[in-house]
Enquirer: 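Let me give you the structure first, and then I'll get to my questions.
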Amino acid sequence: MPALLRQLAGLGGCTHPIRLDGHRTEYAVDTRTGEIGNVLHHLDSAGLPAGHLLVRCNNRRTTRCAACAEVYRRDTFHLITSGLRGGKGVPERVAAHPRIFATFTAPSFGPVHNRLTGPAGSVRRCRCGALHDQDDPALGTPLDPNTYDYEAAVLWNAHAGPLWRRFSIYLRREVAKRAGLTQRAFREHARVSFAKVAEYQKRGAVHFHAVIRIDGPEGGDTPPPAWATAELLTDAIQAAAVATRVDGPVIDGRAHAFTFGRQLDVRTIRSADFDGGQELTERAVAAYIAKYATKGAETATGALDRPLRFLAELAQLDISDHARQLVRTAWTLGARKDLEHLRLRAWAHMLGFRGHFSTKSRRYSTTLGALRDVRAAWRRAQALAANETDPDTTLVLAHWIYAGTGLTDAEAWLAETLEPAPGTEGEPTHA
Ligand SMILES: [Zn+2]
Ligand SMILES: [Zn+2]
């Protein structure tokens with residue numbers, strides 16, 4: 001039993017591990033002759049307490065695996081933070097570059113129940129006449145489901161990715177224009193980099209939160225030109241967001257076109273040194289983005305966090321009528337040959353959105369892959385310290401095949417008795 005507990009503890013709280021069948025053998029290698037010598041270490045899955053090698057699932061979503069999503073959230077936090085104040089291979093000078101935090105919303109598809117907060121925390125009445133409570137499930141749902149534009153709502157989500165790509169092109173153009181440069185010349189003076197995350201509003205529309213930064217021509221290593229100010233960047237973001245438009249399909253004689261909503265929030269990010277309690281700090285921005293990186297459409301759909309195989313499954317789900325109608329609309333539009341490229345059935349559970357949840361431009365900061373590599377290298381170093389095997393003088397032969405997912409009931413029960421894995425320090429655990 002202690003051996004099984006030890007194996008489960010190695011999962012760091014992952015509740016849906018990948019089970020692998022196979023073996024791994026480490027041989028000593030003579031560094032002078034290159035000959036393979038003794039077996040130093042042999043691992044066979046059949047000999048493991050759980051009968052398989054168990055590997056973390058690494059799922060990003062909190063609803064799927066809380067422990068792995070937490071690792072992802074911390075990595076995203078570091079990724080965003082390093083782009084804001086340096087670290088993890090990014091120079092600290094980026095903290096002095098103009099940096100903006102912007103939120104891009106979808107347009108209206110019909111009036112929804114809302115809770116408008118006025119000055120001093122006062123709450124105004126919704127159009128329906130009610131004073132909605134903060135956790136009222138009616139919030140974000142249409143006042144009149146019969147007139148709500150479900151078709152446009154789903155198609156907007158399906159075009160949100162291309163809309164962002166077009167915006168990023170327009171943004172560089174608008175920044176160049178304000179600097180009095182042609183786009184070609186612009187690249188020799190400055191770079192615009194960003195990191196963004198998608199979030200679902202209660203009404204089921206995707207919106208984007210983005211950190212946008214101006215650097216010198218070589219990215220974060222080089223100082224931005226003198227004209228590059230937070231004010232100029234703010235102005236360029238607003239102009240580019242208004243100009244961005246993507247033409248969509250023509251459905252039953254109706255030509256769809258997609259733009260961002262009028263609600264655009266653009267704020268300058270300050271260093272903690274300037275924080276008077278009101279300013280938007282690097283830490284707050286990174287925590288905010290990292291939090292949303294571990295969510296899917298569940299904000300709007302509740303329990304639905306994986307693809308549907310049949311529309312009939314929808315009837316059994318405990319989701320709101322509004323979410324159900326969005327999913328059904330995506331499913332129905334997904335049958336159309338002319339919309340095949342949008343893969344609306346495969347992405348119906350995401351209400352049509354098939355983009356990446358968090359993306360960044362190449363020069364923004366480090367990558368999630370690089371952070372994982374560092375962690376893997378650290379684990380290897382730990383193992384080395386424990387086993388005293390040297391990667392330069394050992395040969396590893398391994399063969400693994402997939403044997404399933406998850407824990408047995410007994411393993412799950414045992415795993416629950418384990419303490420949560422100790423976390424990394426220096427970051428907020430709850431954002
Ligand atoms: Zn997991
Ligand atoms: Zn209302």
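When a ligand or atom number is given, it counts from 1 through the structure's own listing order. Keep in mind that this is a model prediction, so the values were computed, not measured.
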Enquirer: Which of these, F208, F167, W164, sits in a ring-ring contact (aromatic ring centres under 6.0 Å, His included) with F194?
Expert: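 For F194, the ring-ring contact (aromatic ring centres under 6.0 Å, His included) test succeeds with only one of F208, F167, W164, which is W164.
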Enquirer: To the nearest 10 degrees, how large is the angle at the Zn ion (ligand 2) between H132 NE2 and C126 SG?
Expert: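 The angle at the Zn ion (ligand 2) comes to 110°, rounded to the nearest 10°.
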Enquirer: What angle, to the nearest 10°, do the atoms SG (C14) and SG (C57) form about the Zn ion (ligand 1)?
Expert: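 Between SG of C14 and SG of C57, at the Zn ion (ligand 1), the angle is about 110°.
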Enquirer: Measure the acute angle between the ring planes of F104 and F260, then classify it against the limits of 30° and 60° as parallel, tilted or perpendicular.
Expert: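 Ring orientation of F104 relative to F260: tilted.
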Enquirer: Do the ring planes of Y200 and F353 sit parallel (below 30°), tilted (30 to 60°) or perpendicular (above 60°)?
Expert: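 Ring orientation, 0 to 90° scale: perpendicular.
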Enquirer: For H23 and H42, take the angle between the two ring planes, folded into 0 to 90°, and tell me which bin it lands in: parallel under 30, tilted 30 to 60, perpendicular over 60.
Expert: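 The arrangement is parallel - the two ring planes meet at less than 30°.
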Enquirer: Looking at side-chain heavy atoms only, is the closest gap between R165 and I169 below 4.5 Å?
Expert: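 Side-chain contact under 4.5 Å: no.
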Enquirer: Has H16 got an N, O or S atom lying less than 2.8 Å from the Zn ion (ligand 1)?
Expert: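 Coordinating: no.
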Enquirer: At the Zn ion (ligand 1), what's the angle from C65 SG to C68 SG, rounded to 10 degrees?
Expert: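 Vertex the Zn ion (ligand 1), arms to SG of C65 and SG of C68: 110°.
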Enquirer: Please find the N/O/S atom of H113 nearest to the Zn ion (ligand 2) and write down its name.
Expert: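 The Zn ion (ligand 2) is closest to the H113 atom ND1, counting only N, O or S.
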